[in-house]
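Have a look at the structure below, then the notes.
In this chain, numbering begins with 1 at the start of the sequence shown.
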Amino acid sequence: MNKIYDTAALALEDVLQDGMLIAAGGFGLCGIPELLLQAIKDAGTNDLTFASNNAGVDDFGIGILLQSKQVKKMISSYVGENAEFMRQYLSGELELEFNPQGTLAERMRAGGCGIPGFYTKTGVGTVIAEGKEHKDFGGETYILEEGIFADLSIVKAWKADPSGNLVFRKTARNFNPPAAMCGRICVAEVEEIVPMGSLDPDGIHLPGIYVNRVIQGTHEKRIEQRTVRQKETT
């Protein structure tokens with residue numbers, strides 16, 4: 001099976017549909033599938049639900065889909081840095097299912113492993129626990145969280161080989177592997193496609209069995225919050 005596609009648009013053209021659930025990798029602006037997100041915007045797919053740690057910033061990442069009103073719901077952990085996200089949520093235009101960060105990552109990983117639900121102590125006694133099943137284990141109370149089974153996963157990796165084995169770089173490894181695992185179809189954008197056999201098997205972070213399609217592209221290296229100090233004068 002050929003997993004290599006020439007462009008993000010081609011990799012997504014027979015996959016996108018209105019109302020789908022998309023799991024997106026990335027942490028802040030690190031390791032976000034920016035080319036695939038732009039292709040989704042260009043395709044005009046609407047009423048989307050995104051499971052993602054955050055929503056990017058106003059003009060980058062998932063933020064560009066919020067601007068175009070293509071997102072109806074976010075399943076997220078961190079929702080700062082995006083004024084349009086805040087505006088839509090406070091005005092009732094955008095649904096939000098808030099998750100503790102570790103819980104969101106585990107929900108994705110669980111879905112990728114075929115696990116429909118798991119119990120965790122995180123969130124017990126808070127608004128996170130409202131409406132969820134509670135169960136005691138060893139005298140401690142836990143809440144039931146459901147695994148995420150997405151229609152589509154979009155992720156960004158550092159390197160891939162033609163079979164879809166992926167290597168992530170540093171912080172990009174946080175949410176990309178579990179996001180990739182939980183999708184019915186996974187499309188990965190990478191900085192470099194290397195020959196088969198050139199990746200050290202012990203250094204592969206996500207095996208190609210989880211990855212259906214791969215594109216290579218040029219990526220923008222953005223910094224979420226750039227902080228500099230004034231030049232010292234003597």
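- Formation of a donor-acceptor pair under 3.5 Å by the D18 side chain with backbone atoms of D47 is not found in this model.
- Judged purely by atom type and a 3.5 angstrom limit, N176 has no side-chain atom pairing as donor or acceptor with the backbone of V155.
- Proximity of a side-chain donor or acceptor of S77 to a complementary backbone N or O of N53 within less than 3.5 Å is not detected.
- Y5 has its side chain out of reach of L12: every pair of non-hydrogen atoms, C-beta onward, lies at least 4.5 Å apart.
- Note on L206: it does not cluster hydrophobically with W158, by side-chain heavy-atom contacts below 4.5 Å among ILVMFWY residues.
- Summarising the geometry, atom CZ belonging to F149 is positioned 10.5 Å from atom CE belonging to M181; distances are rounded to the nearest 0.5 Å.
- With salt bridges taken as basic N to acidic carboxylate O contacts below 4.0 Å, one links E97 and K73.
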Stepwise, does the side-chain contact (heavy atoms from CB on, under 4.5 Å) test hold for M20 with L48? CA-CA 5 Å; M20 69 190 315; L48 298 171; 3.6 Å; yes
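- By the rule that hydrophobic residues join a cluster once side-chain heavy atoms approach within less than 4.5 Å of another member, L166 and V194 end up as members of separate clusters.
- Formation of a donor-acceptor pair under 3.5 Å by the N54 side chain with backbone atoms of G28 is found in this model.
- Other residues, nucleotides and ligands contribute at most 12 non-hydrogen atoms within 6.0 Å of the CG atom of D6.
- Summarising the geometry of A39 relative to A9, their closest heavy-atom pair is CB-N, 4.0 Å, with the distance given to 0.1 Å.
- Using a 4.5 Å cut-off on side-chain heavy atoms (C-beta onward), M86 and N82 make no contact.
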Output, in order, the C-alpha distance, side-chain angles, deciding distance and verdict of side-chain hydrogen bond (donor to acceptor under 3.5 Å, both in side chains) for E84 and Q88. CA-CA 6 Å; E84 181 61 16; Q88 289 187 24; 2.8 Å; yes
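- Between Y142 and F137, the angle of the ring planes goes over 60°, which puts this pair in the perpendicular group of the 30/60° scheme.
- Here the straight-line distance linking atom OH of Y89 with atom CG of L66 works out to 14.0 Å at 0.5 Å rounding.
- Of all heavy-atom pairs between S153 and C182, the closest is OG-C, 3.9 Å.
- Scanning all heavy atoms of the two residues, the minimum distance from K3 to G164 falls at CD-N, 4.2 Å.
- Donor-acceptor pairing under 3.5 Å is recorded for the side chains of T141 and D136.
- The number of heavy atoms from other shown groups lying within 6.0 Å of CZ (R173) does not exceed 12.
- Counting heavy atoms from C-beta on, the side chains of E189 and H219 come closer than 4.5 Å.
- For the pair A160 and V214, the tightest heavy-atom approach, listed with the atom from each and the gap, is CB-CG1, 4.1 Å.
- D151 places a side-chain N or O within 3.5 Å of a backbone atom of L21 that can act as its donor or acceptor partner.
- Clustering ILVMFWY residues whenever any of their side-chain heavy atoms sit less than 4.5 angstrom apart, transitively, puts L104 in a cluster other than the one holding L144.
- The line from CG of L152 to CZ of F50 is 8.0 Å long, rounded to the nearest 0.5 Å.
- Considering only heavy atoms from C-beta on, T49 comes within 4.5 Å of K72 through its side chain.
- Between L36 and A8, the shortest heavy-atom contact is CD2-CB, 3.8 Å.
- Following chains of ILVMFWY side-chain contacts shorter than 4.5 Å, one cannot reach V211 starting from M108, and the two form parts of different hydrophobic clusters.
- Using a 4.0 Å cut-off between charged side-chain N and carboxylate O, K132 and E145 make a salt bridge.
- At least one side-chain heavy atom of Q101 sits less than 4.5 Å from a side-chain heavy atom of F27.
- The closest side-chain heavy-atom distance from F118 to R107 is below 4.5 Å.
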List the steps and the verdict of side-chain hydrogen bond (donor to acceptor under 3.5 Å, both in side chains) for D59 and Q67. CA-CA 8 Å; D59 61 345; Q67 286 182 332; over 6 Å; no
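- The hydrophobic cluster containing I193 does not contain M196, counting ILVMFWY residues as joined when their side-chain heavy atoms lie under 4.5 angstrom apart, directly or transitively.
- With hydrogens and angles disregarded, a donor-acceptor distance shorter than 3.5 Å links the side chain of T7 to the backbone of L10.
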Can K159 and R169 be said to form a side-chain contact (heavy atoms from CB on, under 4.5 Å), step by step? CA-CA 9 Å; K159 294 182 180 180; R169 182 167 171 78; over 6 Å; no
Residue pair F85, I62: steps toward the side-chain contact (heavy atoms from CB on, under 4.5 Å) verdict: CA-CA 10 Å; F85 184 112; I62 297 175; over 6 Å; no
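- Remark: N2 CG to S163 OG distance equals 11.5 Å, nearest 0.5 Å.
- Checked by atom type and distance alone, the side chain of N99 never pairs as donor or acceptor with a backbone atom of T103 at under 3.5 Å.
- E140 places none of its side-chain heavy atoms less than 4.5 Å from the side chain of V124.
- Contact record, A129 with G123: CB-O, 3.4 Å, taken as the closest heavy-atom pair.
- Within the model, atoms CG of L16 and OG1 of T45 stand 4.0 Å from one another, a figure rounded to the nearest 0.5 Å.
- For the atom pair CD1 of I115 and CD of E146, the computed distance is 13.5 Å after rounding to the nearest 0.5 Å.
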